[in-house]
Amino acid sequence: MIRVLLADDETMIRAGVRAILAADPEIEVVAEAGDGREAVDLALAHRPDVVLLDIRMPRLDGLAAVAELRRAVPGTGVLMLTTFGEDEYIARALGEGASGFLLKSGDPRELLAGIRAVAEGAAYLSPRVAHRVITELTGGRMSRAAAARDRVSVLTPRERDVLALVGAGLSNAQIARRLHLVEGTVKAHVSAILTRLDARNRVQAAILAYEAGMLAPDSAPGTGSGQPYGPAS
């Protein structure tokens, strides 16, 4: 079972999300929170696989809650769910370590896919959010390409190979098959890559790989219908 904590200050929204999740026999809602502070406390108590977190909430907003959750329960994935799609929210949420970002106006199937991806240690962006990310990346890529190439230059050749495949959305198992490695070795490489690049998660690493020109344009981070990014480490 995938154990989920819902955090939203609107009771009706929580009820609607719970109803969607109840349709999946492999997902269980273990607790509900009405604000960010309660979400952190309940996450510590229940240790869910995924926290589905609204952004605008009382006491502690979702963006601040992400940072606390990443410190308090690092094994729990955080998936943002909000009505707000402004770039500043997307950038801040991913920057604080969220593993995914969904809009409440999206398809319910995106919600289920996002929860499954994050529970497996992957990252997930809804198509609309991915479009915003790619637009921003494309617009500023020229000015950041040199800096990105400089950052990835600290990696070994093998780590660069792994990073390119992380950026293309492959899981650890898929990377292992592609590079003829055991999965544990790939996991160790990914952990080392995140540390060397000072990246919080695979989304940030994938974006950096794209900016550094390590990916083909059609395999840029977030292309496709909510593409997951593989296990976090």
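In this structure a side-chain-to-backbone donor-acceptor pair under 3.5 Å is present from Glu159 to Thr156. Looking only at distances, no side-chain donor or acceptor of Glu120 sits under 3.5 Å from a matching main-chain atom of Ala117. Without hydrogens or angle criteria, Thr82 side chain to Ile55 main chain gives no donor-acceptor distance under 3.5 Å. A donor-acceptor pair is defined here as one N or O able to donate and one able to accept, closer than 3.5 Å; no such pair exists between the side chain of Thr185 and the backbone of Leu181. In terms of modelled atom types and a separation under 3.5 Å, the side chain of Arg56 and the main chain of Gly62 share no donor-acceptor contact.
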Donor-acceptor pairs under 3.5 Å, side chain of residues 5-12 to any protein atom, not counting sequence neighbours: which ones?
| unit_1 | atom_1 | unit_2 | atom_2 | d |
| --- | --- | --- | --- | --- |
| Asp8 | OD1 | Glu10 | N | 2.9 |
| Asp8 | OD2 | Lys104 | NZ | 2.7 |

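Heavy atoms only, all atoms of each residue included: Ala176 and Val182 are closest at CB-C, 4.0 Å. What you find for Ala43 and Val73 is that their closest heavy atoms are O-CG1, 3.8 Å.
Residues Val51 and Leu42 are not in side-chain contact: their nearest non-hydrogen atoms beyond the backbone lie 4.5 Å or more apart.
Under the salt bridge (charged side-chain N to carboxylate O under 4.0 Å, His left out) criterion, the residue pairs touching residues 160-178 are Arg158-Asp161, with sequence neighbours excluded. For the salt bridge (charged side-chain N to carboxylate O under 4.0 Å, His left out) condition, the pairs that include at least one residue of residues 65-83, sequence neighbours left out, are Arg37-Glu68. Applying the side chain to side chain donor-acceptor pair (under 3.5 Å) rule to pairs touching residues 17-29 yields Arg18-Glu32, Asp24-Arg116, Glu26-Arg116, sequence neighbours excluded.
With sequence neighbours excluded, the residues forming a side-chain contact (heavy atoms from CB on, under 4.5 Å) with Glu110 are Leu102, Asp107, Tyr124, Ser126, Pro127, listed by chain and number. A search for side-chain contact (heavy atoms from CB on, under 4.5 Å) contacts involving Gln204 returns Ala199, Arg200, Asn201, not counting sequence neighbours.
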*Give the C-alpha distance, both sets of side-chain angles, the deciding distance and a yes or no for side-chain contact (heavy atoms from CB on, under 4.5 Å) between Leu69 and Thr76.*
CA-CA 8 Å; Leu69 286 165; Thr76 294; 5.9 Å; no

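Under the side-chain contact (heavy atoms from CB on, under 4.5 Å) rule, Leu165 has a single partner from Val190, Ile175, Val186, Asn172, which is Ile175. With respect to Val4, the side-chain contact (heavy atoms from CB on, under 4.5 Å) criterion is satisfied by exactly one of Val118, Asp49, Ile115, Val30: Ile115.
Ion pairing between a basic and an acidic side chain is recognised when a charged N comes within 4.0 Å of a carboxylate O; Arg59 and Glu38 show no such pairing.
Hydrophobic clustering (side-chain heavy atoms under 4.5 Å, transitive across Ile, Leu, Val, Met, Phe, Trp, Tyr) groups Ile20 together with Leu52.
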